[in-house]
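Working notes for the structure below.
Since this is a predicted model, take the numbers as computed values, not measurements. Side-chain atoms are counted along with the backbone in the values below, which use heavy atoms only and exclude waters and symmetry mates.
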Amino acid sequence: MSKNNDKIKNPKIMKRSIFTVIFAVVLVAVIIVANIFATTLAQKAPTTIDLTTDESNSLTPENIDFIKSIDKPVEIVICATREGYTGSEMTNYVYSVYYVQENATPDNYFNQTVTLLESYPKYNENIKITYVDPQSPKFKELESDYEVDIAYGDIIVRCTRPDENGKETTFESVITFDDIYELYDASQGQSAMYGGYSTYTITASNIESEVSSAVFTVAASGKKKVAILTKHSTADSYLTFTTALEGYNFEFLELDGVINEDTLKDIDTVLLAAPVSDISAKELEVLDNFLDNDGKRNKNFMVFGSTASPNTPNLNEFLEEWGIKVEDGMAYDTNSGYRLSDGNSMLLFNKKDDLTKSVNASELSYYCGDNVAISSAYTDEKNGTRTAHILMTTSAYAVKAPKGVSGYTASSNDDMGEMPVIMVTEDTTYDDNYNEISSNVAYFASVDFINEAWEQFGDNGNMDFAVAVANIINGRAAASMYFLPKITGVHTMSTPLSDAQYTAVYIISMFVIPALLLIGGVVVWFRRRNR
């Protein structure tokens, strides 16, 4: 009887065992597919969780929107291995070269940089990250491609795309250690003064602003040509500004002769800085025709004033036609709380006009001295096709004072109130497709606004704002990629794994765990079969 029962049970056991094996195989296959999907998702999508209180390891939402808009192939090359940049190699390098003390911890600034950079491709597959070992032949090839030396830790952003003539061209921008990190010397220079070396610490990172600006420059912007009126400008007063603009695909032509139609051919913007002489009526007529551009607009005139300049009645009349009235005097803030120690330099206020919305989110401070007194020449901000924008002002305690005075005491006859210091007037029309096209005249009340001395103040945004205005009037509103500096935060789950750790996790999750499940299933099947 028992033998017959065994014969009856064996087919059932066999059938159940086959189903068990099939189920185990299917389960293993599902786990492998799920792991592949999860791994791909982790590489391509922003799946990290940032638990820092200030989201210091996450990209700014406005930056994410910009990244998603890039439709050209962009490569971000980091001149280091991944483990080197996030480990002791980078910390040792910056200490020996820059005297920067940075701990090699998972929460340091270099790990934060890698975390943020590796987020870019997760929002746009057109962007890829490449690490290049400085000891490799590929690094030597990189060095030969650039006129400047490429240092360890530099970041190169490049894109190959058609230029304005339709020719395939590689555009690139190099970002250095000094561009990214803000440094602090606790000794305030005392160590260097007494023969030693100042040791610096990193206080903030500008990695988002620098990289996104570079991405825009190489992937989205065509080259813009600027003619500098050197005959009428104070020598070298504009160099810091033009150097900053070079990083945004601007190129420059110095005009030391008379302005005429030929000299302004193919020019996008005319620049005048701290005038040393007036512009003739004939030259201003050429400039007026240049801005009209046969009705096509898209031309610009930028002026940086100076209280040291001689009288320029022709230029002033021209500017007044554009709604910018240059007065005989200087802006002086009577409130000592808004003045700096030199007496004439003062704190300025961003009016956050719609024209500058790309930089209005920043909380930087703006300073400038020796501002020429200006006002709007229009009773309303609009006059026909022209619209005057007041971008920056003094405080409400400013008065018009004689040029060059220091310690001015206001009288009861002085009108006190906000005074413009930066204005832009648009002259707008429409093309055949009813798209707005504009020419612009921008006036900065003082060339001191672009003085490199202001950069010593860590929160100063003068140059960022001036560059933003230049980009905006040239139709590049998106080029002003300014985001608040990042500081490092602790308590984060977005700290990246090292290459070795990543490989170990990948092998275990993709192969070891499924293999163990398969082996376990087979063992269970054999044990049940042999009962």
Side-chain angles (χ1 to χ4, degrees), residues 164 171 173 209-210 212-218 220-230 233 236-255 264 266-274 287 290-291 293 297-305 319 322 324 348 350-360 362 364 366 368 388-392 420-427 437-452 454-455 460-482:
E164 57 265 31
F171 297 86
S173 180
S209 297
E210 292 294 333
S212 290
S213 293
V215 169
F216 178 89
T217 299
V218 302
S221 65
K223 192 173 287 294
K224 295 293 183 179
K225 298 180 180 179
V226 179
I228 306 170
L229 304 184
T230 53
S233 299
D236 301 336
S237 61
Y238 47 81
L239 289 182
T240 305
F241 180 55
T242 53
T243 299
L245 287 180
E246 285 176 352
Y248 291 84
N249 273 2
F250 282 88
E251 65 179 9
F252 303 92
L253 171 68
E254 293 191 345
L255 297 181
L264 297 185
D266 300 324
I267 295 298
D268 298 293
T269 300
V270 174
L271 175 64
L272 172 63
L287 188 58
F290 163 78
L291 291 168
N293 193 24
R297 306 298 201 276
N298 289 324
K299 302 293 182 179
N300 309 287
F301 182 36
M302 291 190 77
V303 182
F304 289 87
L319 292 170
W322 281 80
I324 303 167
L348 305 180
N350 180 359
K351 298 305 292 182
K352 301 191 174 180
D353 187 273
D354 284 345
L355 194 69
T356 55
K357 58 186 176 183
S358 56
V359 288
N360 288 345
S362 65
L364 296 176
Y366 307 95
C368 189
H389 299 265
I390 297 175
L391 306 185
M392 199 165 288
V421 290
I422 301 176
M423 292 184 65
V424 171
T425 299
E426 297 178 287
D427 188 14
I437 49 176
S438 301
S439 283
N440 304 273
V441 171
Y443 188 88
F444 289 69
S446 177
V447 72
D448 185 58
F449 191 84
I450 51 173
N451 190 327
E452 65 180 342
W454 296 119
E455 296 180 12
N460 180 254
N462 284 25
M463 192 59 66
D464 294 305
F465 198 87
V467 168
V469 171
N471 275 313
I472 289 164
I473 64 178
N474 276 279
R476 298 166 162 186
S480 308
M481 303 304 300
Y482 178 81

Original post:
Can you tell me how far the NZ atom of Lys299 sits from the CG atom of Asn293, to the nearest 0.5 Å?
Top reply: 5.0 Å
Original post:
Heavy atoms, side chains only, cut-off 4.5 Å: are Asp266 and Lys225 in contact?
Top reply: yes
Subject >> Close side-chain approach of Val467 to Leu245, heavy-atom, < 4.5 Å >> reply: yes
Subject >> Closest non-hydrogen atom pair between Val469 and Ala442, with its separation >> reply: CG1-CB, 4.3 Å
**OP:** Go through Leu364 and Asn350 one step at a time and tell me if the side-chain contact (heavy atoms from CB on, under 4.5 Å) criterion holds.
**Re:** CA-CA 9 Å; Leu364 296 176; Asn350 180 359; over 6 Å; no
**OP:** Indicate yes or no: at least one non-hydrogen side-chain atom of Leu391 is less than 4.5 angstrom from one of Lys351.
**Re:** no
**OP:** Calculate, to the nearest 0.5 Å, the distance between atoms OG1 and CG belonging to Thr230 and Leu253 respectively.
**Re:** 8.5 Å
**OP:** Let me see the working for Leu287 and Val270 under side-chain contact (heavy atoms from CB on, under 4.5 Å), right down to the final yes or no.
**Re:** CA-CA 9 Å; Leu287 188 58; Val270 174; 4.1 Å; yes
Original post:
Residues two or more places apart in sequence or in another chain: which of them pass ring-ring contact (aromatic ring centres under 6.0 Å, His included) with Phe250?
Top reply: none
**OP:** Specify the closest pair of heavy atoms between Thr269 and Phe290, including all atoms of both residues, with the distance to one decimal.
**Re:** N-CZ, 4.3 Å
Original post:
Out of curiosity, Glu246 CD to Phe241 CZ, how far, rounded to the nearest 0.5 Å?
Top reply: 11.5 Å
**OP:** Under the side chain to side chain contact (heavy atoms under 4.5 Å, CB included) rule, collect the residues that match up with Thr240, sequence neighbours excluded.
**Re:** Glu452, Glu455, Met463
Original post:
Hey, is the main chain of Ser209 close enough, under 3.5 Å, to the side chain of Ser212 for a donor-acceptor pair?
Top reply: no
Original post:
Does the side chain of Val424 come within less than 4.5 Å of Thr356's, by heavy atoms?
Top reply: no
**OP:** Applying ring-ring contact (aromatic ring centres under 6.0 Å, His included) between Phe304 and each of Phe449, Phe444, Tyr443, report the one that passes.
**Re:** Phe444
Original post:
Where is the tightest heavy-atom contact between Ser233 and Leu272, given as atom of each residue plus distance?
Top reply: OG-CD1, 3.4 Å
Subject >> Under the ring-ring contact (aromatic ring centres under 6.0 Å, His included) test, residues paired with Phe465 that sit two or more places apart >> reply: Tyr366
Subject >> Ser237 to Ile450 - nearest heavy-atom pair and separation >> reply: O-CD1, 3.8 Å
Subject >> For Ile437, side chain to side chain contact (heavy atoms under 4.5 Å, CB included) partners two or more places apart >> reply: Arg297, Asn298, Thr429, Asp431
Original post:
When rounded to the nearest 0.5 angstrom, what is the spacing between CG in Leu355 and CD1 in Ile472?
Top reply: 5.5 Å
**OP:** Enter the distance from Thr425:OG1 to Ile473:CD1 here, rounded to the nearest 0.5 Å.
**Re:** 11.0 Å
**OP:** Can you measure from CZ (Phe171) to NZ (Lys223) and round to the nearest 0.5 angstrom?
**Re:** 7.0 Å
**OP:** Any chance you could lay out the side-chain contact (heavy atoms from CB on, under 4.5 Å) test for Ile267 and Leu255, step after step, and finish with the verdict?
**Re:** CA-CA 11 Å; Ile267 295 298; Leu255 297 181; 5.9 Å; no
Original post:
Any side-chain heavy atom of Val441 within less than 4.5 Å of one from Leu291?
Top reply: yes
Original post:
Can you name the residues that form a ring-ring contact (aromatic ring centres under 6.0 Å, His included) with Tyr238, not counting sequence neighbours?
Top reply: none
**OP:** Under the side-chain hydrogen bond (donor to acceptor under 3.5 Å, both in side chains) rule, collect the residues that match up with Asp353, sequence neighbours excluded.
**Re:** His389
Original post:
Okay, side chain of Ser446, backbone of Cys368: is any donor-acceptor separation there less than 3.5 Å?
Top reply: no
**OP:** Could I get the full list of side chain to side chain contact (heavy atoms under 4.5 Å, CB included) partners for Asn451, not counting sequence neighbours?
**Re:** Asp448, Ala453, Trp454
Original post:
For Ala214, what residues pass the side chain to side chain contact (heavy atoms under 4.5 Å, CB included) criterion, not counting sequence neighbours?
Top reply: Val157, Ser173, Ile175
Subject >> Check: Val226 and Met302 side chains under 4.5 Å, non-hydrogen atoms >> reply: no
